[in-house]
Amino acid sequence: MFKKYRHAKRLKIGVSKFKLLNLSSQIKSKIVLTIGNFSPSAFNINQIKVDIYTTNGQLLAQQIAPLSESIVLNPNQNNKLPLAYQINAPILISEIKKLGGVTNVLTSFLTTGKYGLPIQLKGFVSVGLIDISINQTINV
C-alpha cells in the first residue's frame with residue numbers, strides 16, 4: 001500500500017486545451033485537463049474534482065459534473081479527462097484586462113500558442129483508496 005501511495009504522488013495534472021472560443025459579452029471556452037502517470041503502477045481513477053482559480057484565489061472555472069466512469073491510467077500514460085467546466089465570465093474578463101486586454105491576449109496566443117494567463121488547479125484525484133491533493137500553478 002505504501003508503494004502504491006508513493007507512486008500515486010507521481011500523477012501530474014495539466015491542461016491540454018484551454019481555448020477561448022468567443023470573447024464577446026458571452027464568453028465561451030473549451031477546457032480539457034490531462035492526467036499523466038509517471039510511475040510503474042497502474043491506477044483506477046474513480047473520482048476527480050479539479051477547479052481552476054486565478055493566482056490570487058478567485059474561482060475562474062468550476063467543474064460542473066463528476067467523472068462519469070472510472071478511468072484506468074496505465075504506467076507512463078497521459079489521459080485526457082472528460083470533464084465539463086463553467087467559466088466565471090466576470091473573473092475571466094478581469095484577468096484578461098490585467099494582461100493588457102483582448103488584443104494582447106490574442107497576440108500572445110498567435111505568437112506562442114498560449115494566452116499568457118496564469119491559473120491554479122486545485123482539487124483532488126481519488127485512485128482506489130488514495131486521495132491525492134492537487135494544487136498546481138500553470139500558464140495557459
* Asked: Can you tell me if Gln77 uses its side chain to pair, donor with acceptor, with the backbone of Asn74 under 3.5 Å?
  -> yes

* Asked: Taking side chain as C-beta onward, heavy atoms only, is Leu117 less than 4.5 Å from Thr54?
  -> no

* Structure fact -> Heavy-atom closest pair (Pro75 atom, Pro40 atom, distance to 0.1 Å) is CG-O, 3.4 Å

* Leu99/Asn104 under side chain to side chain contact (heavy atoms under 4.5 Å, CB included): CA gap, chis, key distance, verdict -> CA-CA 7 Å; Leu99 294 172; Asn104 283 354; 5.7 Å; no

* Do Phe43 and Asn37 come within less than 4.5 Å of each other through their side chains, counting heavy atoms only? -> yes

* Asked: Going through the checks in order, is the side chain to side chain contact (heavy atoms under 4.5 Å, CB included) test met by Val32 and Lys80?
  -> CA-CA 7 Å; Val32 178; Lys80 291 183 179 177; 4.1 Å; yes

* Taking a hydrophobic cluster as the set of Ile, Leu, Val, Met, Phe, Trp and Tyr residues connected by side-chain heavy atoms closer than 4.5 Å, whether directly or through intermediates, do Ile35 and Val72 fall within one such cluster? -> no

* Cation over ring face, Lys49 and Phe124, 6.0 Å, 45° -> no

* Min side-chain heavy-atom separation Leu60-Leu92 under 4.5 Å -> yes

* **Steps toward side chain to side chain contact (heavy atoms under 4.5 Å, CB included) verdict (Ile13, Leu81)** => CA-CA 10 Å; Ile13 193 98; Leu81 301 171; 3.8 Å; yes

* Can you check whether Leu59 reaches Tyr53 side chain to side chain, under 4.5 Å on heavy atoms? -> yes

* Asked: How far does CG of Asn79 sit from OG1 of Thr34, to the nearest 0.5 angstrom?
  -> 9.0 Å

* Asked: Checking side chain to side chain contact (heavy atoms under 4.5 Å, CB included) for the pair Ile93/Ile91: CA distance, chi angles, key distance, verdict?
  -> CA-CA 5 Å; Ile93 291 168; Ile91 299 296; over 6 Å; no

* Asked: Do Val15 and Ile119 have side chains that get closer than 4.5 Å, going by heavy atoms?
  -> yes

* Asked: Hey, does the side chain of Asn46 reach the backbone of Ser70 with a donor-acceptor pair shorter than 3.5 angstrom?
  -> no

* Asked: Quick one: CG on Leu121 to CD1 on Ile52, what's the gap to the nearest 0.5 Å?
  -> 6.0 Å

* To do: Measure the acute angle between the ring planes of Tyr115 and Phe109, then classify it against the limits of 30° and 60° as parallel, tilted or perpendicular.
  => parallel

* **Minimum-distance pair of heavy atoms, taken over all atoms of Thr55 and Pro118** => CG2-CB, 3.7 Å

* Asked: Heavy atoms, side chains only, cut-off 4.5 Å: are Ile87 and Ile31 in contact?
  -> yes

* Asked: So, the side chain of Thr107 versus the backbone of Thr103: is there a donor-acceptor pair under 3.5 Å, distance only?
  -> yes

* Asked: So do the side chains of Asp51 and Gln62 get within less than 4.5 Å of each other, counting heavy atoms only?
  -> yes

* Asked: Does the side chain of Asn88 pick up a donor-acceptor pair with the side chain of Gln86 at under 3.5 Å?
  -> no

* To do: Look at the side chain of Gln120 and the backbone N and O of Gln58, then say whether any donor-acceptor pair between them is shorter than 3.5 Å.
  => no

* **Residues Asp131 and Ser126: side-chain donor-acceptor under 3.5 angstrom** => yes

* Does any N or O in the side chain of Ser108 come within less than 3.5 Å of the main-chain N or O of Lys114, such that one atom is a donor and the other an acceptor? -> yes

* Other residues, nucleotides, ligands: >12 heavy atoms within 6.0 Å of Lys97 NZ -> no

* Side chain proximity check, Asn44 to Leu73, heavy atoms < 4.5 angstrom -> no

